[in-house]
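Here the structure is laid out as structure tokens; the discussion comes afterwards.
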Amino acid sequence: MKKYISIFVLLVLLVSCGPSRHAIHVEMRHPSRSGLDLAGKIVSVVYVSGDNSQGNTLSEAMAESFARSLEEGYGTGESSVGLFCVDKSLGDYTGRDSLVTLLMQTGSDVVFLMDVATGDKTSTSVPAKVSLYCVDAMDKDEKVSHFTGTKLLTASSEEELLAEAAKAGRQVASPFESQWKHEQYSIAYYDNQKWYDALMKSEQYDWKGAMDIWIELLSSNDMMKRASAEYNIAVACYMLGDLDLASEWLDRSDADNKLPTLSDALRKRIEARKH
């Protein structure tokens with residue numbers, strides 16, 4: 001009987017040393033339908049001008065609307081997306097070298113080049129073909145992406161025509177807007193006030209505040225608690241968009257005392273976002 005009780009007590013101690021889990025529900029930003037992820041990047045829009053004054057006016061209206069749509073979608077504030085113009089007489093302005101030069105000249109991470117070719121105007125419409133080129137400085141190959149589309153701008157006055165061009169610019173921007181998905185993440189915690197304080201901050205999406213507390217908790221000699229704090233810090237880094245740092249903290253957690261289910265799930269999400 002005594003032996004049975006001792007084993008029972010040992011089992012209780014083994015079970016009780018692990019962390020509890022709390023589910024956090026968040027809306028996570030994902031790359032756009034185009035595959036491009038503009039979150040946290042400096043973006044510029046460049047439109048092409050030529051010798052057609054009406055075409056230039058429509059191109060500017062479309063490019064400006066395109067830029068404003070990106071600002072709204074990524075919450076970067078008014079005029080945070082730069083708007084520039086390049087002259088068609090420069091020649092091969094759509095080539096990779098030219099676009100990389102535009103990246104450097106505008107000081108941007110991503111440059112969109114919009115080339116709008118307008119056809120002959122009828123009494124009520126103007127046909128427009130939009131060619132959009134994009135290069136991302138964070139792409140190691142600096143590959144040029146190319147998108148095309150056509151639009152018939154229908155209007156009975158110049159004012160309406162400009163409004164139609166602006167509407168077309170918003171439509172062109174649509175595939176580059178973020179996709180938002182509802183996701184659930186787990187936070188590890190223990191029956192202790194500091195752990196509860198950090199948990200409360202994470203519930204309020206104050207990830208930096210929660211991280212400050214978890215960093216304090218790293219002083220624990222309990223390897224499981226250290227691993228739990230490191231795992232939580234990895235979650236916070238992921239939420240703040242620093243995927244490399246999230247991986248580093250997750251590696252530390254695994255080295256101290258891996259939390260198999262939690263760690264594997266988070267690592268899978270980190271790798272998916274990286275690629």
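Given the structure is predicted, the values throughout are model-derived calculations rather than measurements.
Annotation: the span from Leu99 atom CG to Met104 atom CE amounts to 11.0 Å, rounded to 0.5 Å. Note that OG of Ser219 and CG of Asn221 are 8.0 Å apart. Values are rounded to the nearest 0.5 Å. The distance from the CD1 atom of Ile24 to the CD atom of Gln204 is 10.0 Å, given to the nearest 0.5 Å. In this structure, OG on Ser32 lies 7.0 Å from CZ on Phe176, to the nearest 0.5 angstrom. Annotation: the span from Ile233 atom CD1 to Asp212 atom CG amounts to 9.5 Å, rounded to 0.5 Å. Once rounded to the nearest 0.5 Å, the distance linking CG of Asp37 with CE of Met138 reads 10.0 Å.
The heavy-atom pair separating Leu259 from Ala227 by the smallest distance is CD1-O, 4.3 Å. Annotation for Arg252 and Glu230: closest pair O-OE1, 3.2 Å, computed over non-hydrogen atoms. Residues Trp214 and Ala198 share a closest heavy-atom pair of NE1-CB, 3.3 Å. In this structure, Ser69 and Ala173 approach most closely via the heavy-atom pair CB-CB, 3.6 Å. Contact between Ile213 and Lys194 at its shortest, heavy atoms only, is CG2-O, 3.4 Å. Summarising the geometry of Gly55 relative to Thr118, their closest heavy-atom pair is CA-OG1, 3.8 Å, with the distance given to 0.1 Å.
When Ser228, Ser220, Ser20 are each tested for a side-chain hydrogen bond (donor to acceptor under 3.5 Å, both in side chains) with Tyr190, only one passes: Ser228.
Every residue two or more places apart in sequence or in another chain was checked for a side-chain hydrogen bond (donor to acceptor under 3.5 Å, both in side chains) with Asn52, and none qualifies. Taking Ser108 as the reference, Ser44, Thr106 meet the side-chain hydrogen bond (donor to acceptor under 3.5 Å, both in side chains) condition, with sequence neighbours excluded. For Asp136, the salt bridge (Lys or Arg N to Asp or Glu O under 4.0 Å) partners at least two apart in sequence or on another chain are Lys41. Asp87 pairs by the side-chain hydrogen bond (donor to acceptor under 3.5 Å, both in side chains) definition with Ser89, not counting sequence neighbours. In this view, Glu158 and Lys121 satisfy the salt bridge (Lys or Arg N to Asp or Glu O under 4.0 Å) rule, not counting sequence neighbours.
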Below 3.5 Å, can you tabulate the donor-acceptor pairs from side chains in residues 235-243 to any protein atom, sequence neighbours excluded?
| residue | atom | partner | partner atom | Å |
| --- | --- | --- | --- | --- |
| Tyr238 | OH | Tyr185 | OH | 3.4 |
| Asp242 | OD1 | Leu245 | N | 3.1 |

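Using a distance-only test at 3.5 Å, with no hydrogens or angles considered, a donor-acceptor pair links the side chain of Glu71 to the main chain of Val81. No donor-acceptor pair under 3.5 Å is formed between the side chain of Ser174 and the backbone N or O of Arg170. Side chain of Ser65 to backbone of Met62: no donor-acceptor contact under 3.5 angstrom is found. Between the side chain of Thr101 and the backbone N or O of Asp97, at least one donor-acceptor pair lies under 3.5 Å. Between the side chain of Arg33 and the main chain of Glu177, no donor-acceptor pair closer than 3.5 Å is present. Distance alone, capped at 3.5 Å, is enough to place a donor-acceptor pair between the Ser202 side chain and the Leu199 backbone. Using modelled atom types, one side-chain atom of Asp109 and one backbone atom of Ile42 make a donor-acceptor pair closer than 3.5 Å.
Counting heavy atoms from C-beta on, the side chains of Leu36 and Cys134 come closer than 4.5 Å. The shortest side-chain heavy-atom distance between Phe84 and Val45 does not fall under the 4.5 Å cut-off. Residues Trp195 and Asn232 have side chains in contact (heavy-atom distance under 4.5 Å, counting atoms from C-beta outward). Put simply, the side chain of Ser59 does not reach to within 4.5 Å of the side chain of Val48, judged on heavy atoms. A 4.5 Å side-chain heavy-atom check between Thr94 and His146 finds every atom pair outside the cut-off. Using a 4.5 Å cut-off on side-chain heavy atoms (C-beta onward), Asn192 and Lys225 make no contact. Side-chain atoms of Val130 and Met114, non-hydrogen and from C-beta on, do get closer than 4.5 Å to each other.
Looking at Asp264 and Lys258, a side-chain N of the basic residue comes within less than 4.0 Å of a carboxylate O on the acidic one, giving a salt bridge. Under a 4.0 Å N-O distance rule, the pair Asp254/Arg267 qualifies as a salt bridge.
In terms of hydrophobic clustering, with Ile, Leu, Val, Met, Phe, Trp and Tyr side chains grouped at heavy-atom distances under 4.5 Å, Tyr189 and Met200 are assigned to different clusters. Under the 4.5 Å side-chain heavy-atom criterion for ILVMFWY residues, no single connected hydrophobic cluster contains both Trp180 and Leu70. Note on Tyr231: it does not cluster hydrophobically with Met223, by side-chain heavy-atom contacts below 4.5 Å among ILVMFWY residues. Taken together through direct or relayed side-chain contacts under 4.5 Å among Ile, Leu, Val, Met, Phe, Trp and Tyr, Val100 and Val46 form parts of separate hydrophobic clusters. If you chain together hydrophobic residues whose side chains sit under 4.5 Å apart, Leu58 and Leu152 never meet in one group.
No more than 12 heavy atoms of other residues, nucleotides or ligands shown are found within 6.0 angstrom of NZ on Lys129. Within 6.0 Å of the CD atom in Gln193, the count of heavy atoms belonging to other residues, nucleotides or ligands exceeds 12.
Using modelled atom types, one finds a donor on one side chain and an acceptor on the other under 3.5 Å when comparing Asp191 with Tyr196. Between Asn56 and Glu60, the side chains place no donor N or O within less than 3.5 Å of an acceptor N or O (distance only, hydrogens not considered).
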Side chain to side chain contact (heavy atoms under 4.5 Å, CB included) between Thr148 and Leu132, worked out: CA-CA 6 Å; Thr148 60; Leu132 193 66; over 6 Å; no
Does the pair Glu164 and Val126 meet the rule for a side chain to side chain contact (heavy atoms under 4.5 Å, CB included), with working shown? CA-CA 10 Å; Glu164 281 293 298; Val126 175; over 6 Å; no
Checking Ile187 against Glu203 for the side chain to side chain contact (heavy atoms under 4.5 Å, CB included) test, could you report, in this order, the C-alpha distance in whole Å, the side-chain angles of both residues, the deciding distance, and whether it holds? CA-CA 10 Å; Ile187 299 296; Glu203 272 284 1; over 6 Å; no
